[in-house]
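Notes follow the structure.
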Amino acid sequence: MSEYALRMQNVYKRFRRGEKHDSLRDLVPSLVKRAVRGDRERALAPEEFWVLNDISFDLRRGETLGIVGHNGAGKSTMLKHLSGIMEPTRGSIEVNGRLSALIEVGAGFHPDLTGRENVFLNGVILGMTRQEIKRKFDEIVAFAELEDFIDTPVKRYSSGMFARLGFSVAAHLEPDILVIDEVLSVGDFAFQRKGLDKMRAVAKGGATVIFVSHNLQAVAEFCERGILLERGRVIEDGPTDQVVRRYLDTAAVHSDRQVAGPARITRTTISTADGQTGRFIAGQPARISVSVEALSRAEKVAVVLDVFNTDFYEVFNTSSERLGQEPVSLDPGQRAECTFDVELNLGPGTYYLGVYLYRYDIQREYDHIFPATSFVVTSDRDTRGAANLFPVLSRYAVIAPPELARRVAN
């Protein structure tokens, strides 16, 4: 048996923009020409592009791989190739073992059938036998938390109920390879944690897991290895921390930049004392550094920090002046560096750091970058919310009523 669960070698996939043919008369000659000239090896036409461009990687049995990238990077297309839904334009894909793929929520479900009927239908589609489904049926339904609705047509299910049932069927397949594409983002927080725990159980059982998600905290927490895709190419492949840091560096797009004054922000970083960036442990000390440059004479410049979570809820705000530092004045071309030492007492998740240059006495904003950078916080405790209070359970005891206590004593 091969030591590799999956192998992709020099895989390309070509897509076409728009419709090239609007009639059968145009389509047939094009198909003949394509067959004659060898369409798999030809160069791109002007209206075509590579959605996957020379993708190569090996995945050993039992590895957990996270795939990240911006929208349109080619993540879902890659998974559809691994799952056999699509075939590459050229290159080779090797899959060794039973693969269970949850690419789209509710894929394979018939809306007019009940949840019970769809469990059997979807299970058979995924490769389970009817006896295997019967044996695991109660466990599947309990995991999805749909006991009261299992005999209801799924067209009446919410998107979260769809997600829970679809994930539950796929996760109970006992696959050699489990492929999941962002489906857990549909469920609520409790089910996301439950789904991650199930994925861990599958991985501990020796299965290979491929997880695509924009939830970087979940990827960092669950996957030991990561791949970063950009425009159909692998631009980073390595330990998850390294890949997440690279992704966050590329994600800090300053689309909301507003330079309205004589000074501007030239650089923002958040790191640990040893230089680690991108991923932090809850409670870990970190240093935020902001570099400032004067374009003309800049009076009384203060640096403001703003931290938001993925729901764009503000979880922290401060400034150099509010912390007691006198604002600085800069001559044209002069630079300044402002450093904040903080403790990241935050709940697990992804956070965005905004930076402002502000003059308080006349309430004027000089510059504003959001996000200036972003970072991930993880925790070894199952806590939720924007803040981490680092709870320790010191006591949990059953207190007997006084009457019962006296009877026991006598």
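We number each residue from 1, following the sequence as shown. Below, each value reflects all heavy atoms present in this structure, side chains not excepted, and no hydrogens, waters or symmetry copies.
- The shortest heavy-atom contact between T272 and Q284 is CG2-NE2, 3.4 Å.
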Could you pull out every donor-acceptor pair under 3.5 Å between side chains of residues 387-399 and any protein atom, sequence neighbours left out?
| from | atom 1 | to | atom 2 | distance (Å) |
| --- | --- | --- | --- | --- |
| N388 | OD1 | F390 | N | 2.8 |

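- Few gaps surround CZ on R322; more than 12 heavy atoms of other groups in view lie less than 6.0 Å from it.
- Side-chain contact check for E337 and S291: at least one donor-acceptor pair (N or O, by modelled atom type) lies under 3.5 Å.
- Closest non-hydrogen pair, D367 versus A263, comes out as CB-O, 3.7 Å.
- Looking at V51, N53, L52 one by one, the single match for side chain to side chain contact (heavy atoms under 4.5 Å, CB included) with Y12 turns out to be N53.
- Salt bridge present: R116 and D151 bring a charged side-chain N and a carboxylate O closer than 4.0 Å.
- Neither side chain, T208 nor E63, offers a donor N or O lying under 3.5 Å from an acceptor on the other.
- Counting only heavy atoms from C-beta outward, the side chains of K75 and M78 never approach each other to under 4.5 Å.
- Remark: D148 pairs with no residue by the salt bridge (Lys or Arg N to Asp or Glu O under 4.0 Å) rule, at least two apart or across chains.
- Considering only heavy atoms from C-beta on, I210 comes within 4.5 Å of L6 through its side chain.
- Side chain of D112 to main chain of P153: no donor-acceptor pair is present (N/O by atom type, distance under 3.5 Å, no hydrogens or angles).
- Using a 4.5 Å heavy-atom threshold, the side chains of K13 and W50 count as separate.
- Judged purely by atom type and a 3.5 angstrom limit, R335 has no side-chain atom pairing as donor or acceptor with the backbone of T266.
- The two residues P332 and L295 make their nearest non-hydrogen contact at CB-O, 4.1 Å.
- Residues T240 and R225 approach most closely at OG1-N, 3.2 Å, considering heavy atoms.
- Without hydrogens or angle criteria, S320 side chain to V303 main chain gives a donor-acceptor distance under 3.5 Å.
- When atom types are taken as modelled, the side chain of E117 and the backbone of T114 share a donor-acceptor pair closer than 3.5 angstrom.
- Remark: side-chain polar atoms of N122 are not paired, donor with acceptor, to backbone N or O of F109 under 3.5 angstrom.
- Between Y356 and F370, the ring centre distance reaches or exceeds 6.0 Å.
- Scanning for ring-ring contact (aromatic ring centres under 6.0 Å, His included) contacts around F15 gives an empty result, with sequence neighbours left out.
- Atoms OG1 and CG, from T373 and L353 in turn, are 7.0 Å apart once rounded to the nearest 0.5 Å.
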Please lay out, stage by stage, how R98 and D176 fare under the test salt bridge (Lys or Arg N to Asp or Glu O under 4.0 Å). CA-CA 5 Å; R98 187 187 196 186; D176 299 312; over 6 Å; no

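- A donor-acceptor pair under 3.5 Å is absent between the side-chain atoms of Y247 and the main chain of E236, judged by distance alone.
- Environment of CZ in R231: sparse, with no more than 12 heavy atoms of neighbouring residues, nucleotides or ligands closer than 6.0 Å.
- Panel note: side chain S83, backbone I85; no donor-acceptor pair is recorded below 3.5 Å.
- Residues A220 and T378 share a closest heavy-atom pair of CB-CG2, 4.4 Å.
- Without hydrogens or angle criteria, T268 side chain to A372 main chain gives no donor-acceptor distance under 3.5 Å.
- The distance from atom CZ of R164 to atom OH of Y157, rounded to the nearest 0.5 Å, is 9.5 Å.
- Taken from CD1 in I227 to CD1 in I55, the straight-line distance is 8.0 Å, to the nearest 0.5 Å.
- Separation of atoms CD1 (I67) and CZ (F57) is listed at 5.5 Å; rounding is to 0.5 Å.
- By the 4.5 Å heavy-atom criterion applied to side chains, K300 and Y360 are not counted as neighbours.
- When the side chain to side chain contact (heavy atoms under 4.5 Å, CB included) test is applied to L323, the partners found at least two apart in sequence or on another chain are T318, F340.
- For R359, the salt bridge (Lys or Arg N to Asp or Glu O under 4.0 Å) test picks out D361, with sequence neighbours left out.
- Looking only at side-chain heavy atoms (C-beta outward), Y358 and Q363 come within less than 4.5 Å of each other.
- Annotation for K198: atom NZ counts as buried by contact number, over 12 foreign heavy atoms lying within 6.0 Å.
- Minimum interatomic distance between S168 and I140 (heavy atoms only, all atoms of both residues): OG-O, 2.7 Å.
- For the side chain to side chain contact (heavy atoms under 4.5 Å, CB included) test, residues two or more places apart in sequence or in another chain that qualify with N96 are S2, R61, E94.
- Looking only at side-chain heavy atoms (C-beta outward), F375 and L346 come within less than 4.5 Å of each other.
- Side-chain contact between T277 and T269 is absent, with no heavy-atom pair separated by less than 4.5 Å.
- Atom CZ in R233 sits 10.5 Å away from atom CD in E230 (nearest 0.5 Å).
- Here the CG-CZ distance, from N309 to F316, works out to 14.5 Å after rounding to the nearest 0.5 Å.
- More than 12 non-hydrogen atoms from other residues, nucleotides or ligands lie less than 6.0 angstrom from CZ of R297.
- Using a 4.5 Å heavy-atom cutoff, the side chains of T64 and F211 are not in contact.
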